[in-house]
There are 2 protein chains.
Amino acid sequence: MHDHSVHVQCGECPIRHRAVCARCETDELSRLEQIKYYRSFQAGQTVIWSGDRMEFVGSVVSGIATLTQTMEDGRRQMVGLLLPSDFVGRPGRSTAAFDVTATTDLVMCCFRKKPFEEMMVATPHIAQRLLEMTLDELDAAREWMLLLGRKTAREKIASLISIIARRDAALHVRKKAGVLSVDLPLTREEMADYLGLTLETVSRQISALKKDGVISLEGNRHVSIPNLDRLLEEAGDDSDGGMLV
Amino acid sequence: MHDHSVHVQCGECPIRHRAVCARCETDELSRLEQIKYYRSFQAGQTVIWSGDRMEFVGSVVSGIATLTQTMEDGRRQMVGLLLPSDFVGRPGRSTAAFDVTATTDLVMCCFRKKPFEEMMVATPHIAQRLLEMTLDELDAAREWMLLLGRKTAREKIASLISIIARRDAALHVRKKAGVLSVDLPLTREEMADYLGLTLETVSRQISALKKDGVISLEGNRHVSIPNLDRLLEEAGDDSDGGMLV
DNA sequence: GTCGTCCCTTGATCTGAGTCAAGGATCACC
DNA sequence: GGTGATCCTTGACTCAGATCAAGGGACGAC
C-alpha cells in the first residue's frame, strides 16, 4: 500500500490515481474478500439495472460508465459519470432508480458484496478512503446541482468542458504550445443528458463557443482550449482551474 | 448505544431518528472527542461561510438549516436541506463554495474537528453510520438532479411537497380523516432556490395545484394532501410513497 | 462503389418559465 | 388603530431553450 497525490499516474499499474491507487485498494479489498474478478462490458451494455440488488463493489479500470435516471415517459438525466478509478456500488442494497451503463468499452474490477462493518474493522484505511470518495462525489453532485438549476445553456457547456478537462488532467489532456486539448468522451446526446438540455441545444452552444473563439474543434470529439481562463469565465465559475496547471 | 428503525422517535431524547439516534451518536462521538458543545443560531444566521475551514462535525438537534451555492451575480441554488438528526461537516477541509444558513432558529450539536482516521479505528460503528448517511445523501442528491434537470415546474412543486412529507413523516405530518397535512418549512423564495425556479413560478404552480384539487392550503405554509397517489403522479415519480404509510 | 446507420448541425417555430410590475395579506410594533 | 416590513399572488410581456424538420458527414458492411 502506498500513497499518491490525487490524479497522478501510478508507477505500478496503468490506471489513474486518487490519493491511493485504485488497483492497490482493489487488491487490498479483494484480499479481505478472498474474491476478485474482472468484468468487461461492451459500449452500450448495462452494468447494473435499476432495482437490481447490488452484488458487488466495483472500481472502473478502463473506459467510462454513466449513471442515469429515467422517468416513465423517457426523460433521462445523467447523475453520475464514472471514470477510471471511480467506485460504484453499495453492497446488499438496491440502488433505487439508477442505471449504470458502459459508454465506452469498459473493464471493472469487482469484489463480492460484504457488509461495510467487516470492512471498517478489517481495513479502516480503505473504509476511510471510501468515505472520502463518497464525500468528494457529494461535493461534485452539489456543483452539478448548481449547474442544472441555475446556469444557462452556454454556461453549462463551458462548465462541462472544464469539468472534463479537470478530471482527466493526467490522462487525456495534452498541452501543446500553450493550448489545452481535451477528448470529449460523450456524444452530444449524452452531454445533453448530463446537462439537462436537448442535444440540439448542446450542438448549437458548442458551435457558438467555437464561433466566439472560446474553444476550437478538431473533429466532433476533440476540443482545444486556447484560453482556459476565458472558458472558466464562460462557465460562471468563480474558482480557478485548480490542479489543471 | 441502541438501534432504531429509520425516522422513528427515540424514547430517550426529543429528536427524530435515523437508524441510530443522532443524540446517541453525538454522545458517543463526543466521548471520543472529549469535547461537545451546543450552538444556537437565529433564523437567517450563517453557520458556515463558504471557504471557511470546517472546524467541526455537527448534527442538527432542532430547526432547519440549508446548504446553498451562490454565483457571482447572485444566482442561488440550494444544494442541501438539513433537518434534525442530519449531519454536516468535513473536519479539516474547506467546504468549497457551500454556505450553511439557519432557516429557522437552530440548535446544532458540535464536536471539534478530528481526522477521520482516528474515528474509523476508535468507533467503527459511527464511521459506518457516517458512510451510510453520506451514501443516502448522495442518493438524495441524485434524485434532486433529476428534478432540477428534467422536471417541469409543476412536477417540481409536487415533488418538493412529497419529499418534505416523506422526510418529516414522523415529525410534522398529521393524518386526520385520511388527509395528510404537511408544514412547509420554507418560504416561496427558498422553495424556488431548492427547485431551480423563481419565486413567482413557485407561487403560480402552487396556486394551480390548489385550483386542480391536488393540494389545499391552510395559511401559506400549511398544505393538506387529500390524495397522496395523485400528488405522486403529479410529481412524475414512479415509485410509491415508501414509508409514508 | 452505395447503402444504411449513427451522429451531428442548422433553421423555423413554439412555449414554459423568467422578468417586470402592481398590489394584497399577515404580522410585529409603536 | 396605523405603519412598515415581509411574504405572497397575479397579470402582461419577453425570451431561452424545446420541438419539429431537414439535411450533411463519417464509417462500416456488402
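So you know, we letter chains A, B, ... as the sequences are listed, proteins then strands, and number each from 1. As a basis for the values below, the full set of heavy atoms in this structure was taken, side chains included, without hydrogen atoms, waters or symmetry mates.
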- To the side chain of B/Leu197, which of D/dC8, C/dT9, C/dG18 is closest? C/dG18

- Could you give the CD-to-C1' distance, from B/Gln205 to C/dT15, as a whole number of Å? 13 Å

- Atom pair distance, as rounded to whole Å: CD in A/Glu190 and P in C/dC6: 14 Å

- Task: Could you state the atom-to-atom distance from CZ of B/Arg188 to C1' of C/dG24 in whole Å?
- Result: 14 Å

- Message: Atom CZ of residue position A/Arg76 - does it have more than 12 heavy atoms of other residues, nucleotides or ligands inside 6.0 Å?
- Response: no

- Item | 5' precedence on DNA chain C between A/Arg150 and A/Glu189 (nearest-nucleotide basis) | A/Glu189

- Phosphate OP1/OP2 of D/dG17 contacted by A/Thr198 side-chain N/O (<4.0 Å): no

- Message: Within the 4.0 Å heavy-atom criterion, would you say B/Ser203 contacts the bases, only the backbone, or no part of the nucleic acid?
- Response: base

- Task: Mind calculating the distance between CG (A/Asn220) and P (D/dG24) to the nearest angstrom?
- Result: 16 Å

- Between B/Ser207 and D/dT10, is there a side-chain N or O to OP1/OP2 distance below 4.0 Å? yes

- Message: Quick check: any donor-acceptor pair below 3.5 Å linking the side-chain of B/Arg221 to the base of D/dT6?
- Response: no

- Message: Looking only at the side chain of B/Thr201 (C-beta and beyond, no hydrogens), which of the listed nucleotides D/dT9, C/dC8, C/dG18 gets closest?
- Response: C/dG18

- Query: Side chain of A/Leu217: nearest nucleotide among C/dA17, C/dT9, D/dG17?
  - Reply: C/dT9

- Message: At less than 3.5 Å, do the side-chain atoms of B/Arg204 and the base atoms of C/dG16 form a donor-acceptor pair?
- Response: no

- Query: B/Leu148 CG to C/dA17 C1': how many Å, rounded?
  - Reply: 15 Å

- Message: Classify B/Gly196 by what it touches in the nucleic acid, base, sugar-phosphate, or nothing, heavy-atom distance under 4.0 Å.
- Response: sugar-phosphate

- Message: In whole Å, I'd like the distance from the CG atom of B/Leu199 to the C1' atom of C/dG18.
- Response: 11 Å

- Task: Could you tell me the separation between the CG atom of B/Leu195 and the P atom of C/dG18, rounded to a whole number of Å?
- Result: 10 Å

- Note on the structure: Considering only heavy side-chain atoms of B/Glu200, the closest of C/dT19, D/dT19, C/dA17 is C/dT19

- Are A/Lys151 and A/Asp237 ion-paired here, with the side-chain N under 4.0 Å from a carboxylate O? yes

- Nearest 0.5 Å, what's the CD1-OG1 distance between A/Ile206 and A/Thr201? 11.0 Å

- Query: Would you call A/Arg75 and A/Asp193 a salt bridge, taking side-chain N to carboxylate O under 4.0 Å as the test?
  - Reply: no

- Measure the distance from CG on A/Leu184 to P on C/dC7 and round it to the nearest whole Å. 15 Å

- Task: Give one of base, sugar-phosphate or nothing for B/Ile206, where a contact means two heavy atoms less than 4.0 Å apart.
- Result: nothing

- Task: Would you mind checking if B/Arg142 and A/Glu137 are paired as a salt bridge, meaning a charged N to carboxylate O distance below 4.0 Å?
- Result: yes

